[in-house]
Amino acid sequence: MTMPLRIENLKISFGRGAVEAVRDVSLELRPGEILAVVGESGSGKSLTARSVLKMFPEGAIVDGRISLTGQDVLAASPAELERLRGEAAAMVFQEPSTALNPVFTIGWQIGEGLKAHGMRDRRERRTRVIELLRDVGIPDPETRVDYYPHQLSGGQKQRVVIAMALALRPAVIIADEPTTALDVTVQAGILDLLRRCRDELGSSILIITHNLGVVADLADRVVVMYQGQIVEEASSTVLFSSPKADYTRRLLAAVPRLGEGTAKEDNTSRKQLVLEADRLEITFPGRFGKTPVPAVRGVSFDIAAGEVLGLVGESGSGKSTIGRAVVGISPVTGGAMKLFGTDLRHVKGDRLRQLRRRVGFVFQDPASSFNRFMTVFDCIAEPLRVHRALPSAPALRSRVLELLEQVQLPRDMAGRYPGELSGGQRQRVGLARALALNPEFIVADEPTSALDVSIQAKVLELFTTLQKDLGFAALFISHDLAVVEEISHRVGVLRHGELLELGSAREVMSTPRHDYTRLLIDSVPVPDPAVQARKRADVHSMLSL
Amino acid sequence: MFTYTLRRAGALIPVLLVVSIVVFSLGWLAPGDPARIVLGPEALEADIQKLRDSMGLNETLWYRYLDWISDALRGDLGTSYFLNMPVSTAIGQHFGPTVQLAVLTIIYALVISVPLGTLAARWRGSGFDQGIAGFTLIGLTFPSFVLSLILVIVFSVWLRCLPVAGYRDLFSDPFNGLRYLILPALSLGTIYAALITRTVRASVLDVLKSEYVDAARSRGVSENRLLFAHALRNAGLPIITMIGLSFASLLSGAVVAESIFNIPGIGSLLVNAIERRDYPVLQGVVLFLTLIYLGLNLLVDLLYGIIDPRVRLTGTVAK
């Protein structure tokens, strides 16, 4: 029988063969199967997936054979290709807000694919679109069909993208990191939907992901890619219980796992407080004629010297807003925020500068938080220069080199530019910059969420070591419960600007008091298929309650 | 959409107010006494003083400003010192030719630039694209008065098919009116054609790189449809801005082209007013042009709202 998809000896290179991005990849997608392709950035997994629809970046040199429902994709004519796209295989993209055209209604966009494949009648198209929207769980599809993408939430947008993929009942669905841009509680719903596509419509699904929890939740079989090559191929249960390839083992070890007993007891003394938030309110000024909505409402917590407090929440929970308020980037509009005992609402000018000097900030995206025209040396030296912390140029130089050593980067990095560094190296530089003035307190806003798991593991390890050695207190903001559990003494859970729960990491993770915390913990897919299947059943019963 | 329109229009009022003050004081700050210029170098000091009185030049500045602006709000911009007619009538007479020239010029520029820019983006890096790059470079850098003269030599002197200069009203005599406007429109429009071509190419390229175009491609949408349905509409905002700016600057008078081709447009009215210290005309024309400029900006803002639902529908986000 013909396989829905068979890739044979696929090679993709750039720059006249100088860079080999995909090297001799062969794989097969069986009917009704969910196959996961796992790898870190640069492993060639997305390129492989996109090649199924012959969508290559400019300048790619491709060799090999891709047969999609028996047809040779690479040899197909433009007209054949247009027919294959959407009809034989369809794609679900990573970021639903960029995969939808902002100026057309979602109904128009789903209908466009139907029209391109021969459904001429307008009314017939509309009926079919509404039916599709209902299938993917969009409430009130008759109205929503005329909505523009920006009127829908992130999860709904991804459902619309999936509806588009399903429009022509393709034999193969290619999902490229379909849940990476979404919150965990939303992710669970999208994974369920993909599973239903297979169970009810019989589609074969090729899912590309870096998240091993998602793999355990969804996949029947797994292909692990590393530097353009397949290093291991196995059924999902076998892969997680007895990984063969060295790389797979390392990857599995690097994944932070929830509830593995790493959670710390809270045993810091509360004598000396670094930060106190007392019924904190943060409201951004509303646009003309709109009532402003508070981003943070009545949040109270404190951080003792040498303590790491983890703040967890989904997008829009206000966690970053709180972090930015500490350094005065977001406005405190109510309650009190005391930094080193001084209320931030009542300091200005020099006093504020003196306070800021004692706080370091690590930003989320190391790629965009550096001036790309400054060398690494200048980036790290900037806070020292701004606060005139050191008397001479040689002293400055030796301090920067010392910092580089502390974050385990070679000295010769100092002369490079941020663009020449890898993501992990850049975040180390970010850490060095935050540490430059020997701060007593560090705010880290999602410092590892832009990094691959294996790199994240190393950065987290570095952070923990430095925290122990230097003894700074930290506010660690993250959406990833497992990361927070690993690194913090105490954990706070935020939702819609309110602090639902605050306690020692062990308490919150093992015996959560609030339902939302429990839902959050249970929504995180575990990288173990058997455990994950049980967990999924739990979440379902919780949601149906 | 209604409140959006209202908000946009309301924002123009302070701008107009500031401009009116600046315009009014400009006439006062500029050297030269209008009464002296009207009466000529031989005039007696007493006559000059008498004329200054009757022209209101001896009142305080604030009084004169309030007087002028309240009249202006009623549509009365005063009387020209030299033309012996109300300023509004003078503007009315000179604005017609300018509008006709501007519309013709912008149509010519658009007909050339939108298809060329779009296709250059479609075949990026090809010989066609490079040709377009060359054309736009020449179009942008070539002085338009030189181009005017070359066009006159070719079409009027050698080929004898178009008039050298002059103006006929387009509405009373469409055929000849058009013949008179062709050369000025060609010489003026080439710069704008080049400018808009570059904008179109850049914005279409930008959109073609976005993921929703890839997403539509993965649904089997054809390349031509991607280009004309998806890319062109999304690229519309910067293109419309550029068109609006070009049109506004055309309406505020193409002084050089008007003098070369001897067209009695708003540009020549303005230049003459400056030379003769004809303050009422100067002030009236600048205020009028500001209004036109702001009006066009408002139109562009409203077009944004039509093209981009995010502008139109803010605040109705579903939960």
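Computation of the quantities below employed the complete heavy-atom set of this structure, encompassing side-chain atoms and omitting hydrogens, waters and symmetry-equivalent molecules. Proteins get letters first, then strands, A, B, ... in listed order; numbering begins at 1 in each.
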Can you tell me which of [options] forms the most heavy-atom pairs within a distance under 4.5 Å of chain B?
| options | result |
| --- | --- |
| A:Asn101, A:Leu100, A:Leu114, A:Val92 | A:Asn101 |
| A:Gln109, A:Lys115, A:Arg85, A:Glu95 | A:Arg85 |
| A:Ala90, A:Gly113, A:Gly86, A:Pro102 | A:Pro102 |

Just how far is it from atom [atom1] of [X] to atom [atom2] of [Y], taken to the nearest 0.5 Å?
| X | Y | atom1 | atom2 | value |
| --- | --- | --- | --- | --- |
| B:Asn234 | A:Phe104 | CG | CZ | 6.5 Å |
| B:Arg225 | A:Glu82 | CZ | CD | 11.5 Å |
| A:Arg50 | B:Asp214 | CZ | CG | 5.0 Å |

Please report the shortest heavy-atom distance between [X] and [Y], naming the atom on each side.
| X | Y | value |
| --- | --- | --- |
| B:Arg219 | A:Ala99 | NH2-O, 4.5 Å |
| A:Tyr148 | B:Pro309 | CD2-CG, 3.2 Å |
| A:Leu53 | B:Ser218 | CD1-CB, 3.8 Å |

Item to check | A:Glu142, CD: over 12 other non-hydrogen atoms inside 6.0 angstrom | outcome: yes
Which answer fits [X], side chain, backbone, both or neither, if we ask what part of it has an atom under 4.5 Å from a heavy atom of chain B?
| X | result |
| --- | --- |
| A:Met91 | both |
| A:Ala165 | neither |
| A:Lys54 | neither |

Checklist outcome for this item: If one checks every heavy atom of B:Ser222 against chain A at 4.5 Å, the contacting part turns out to be both
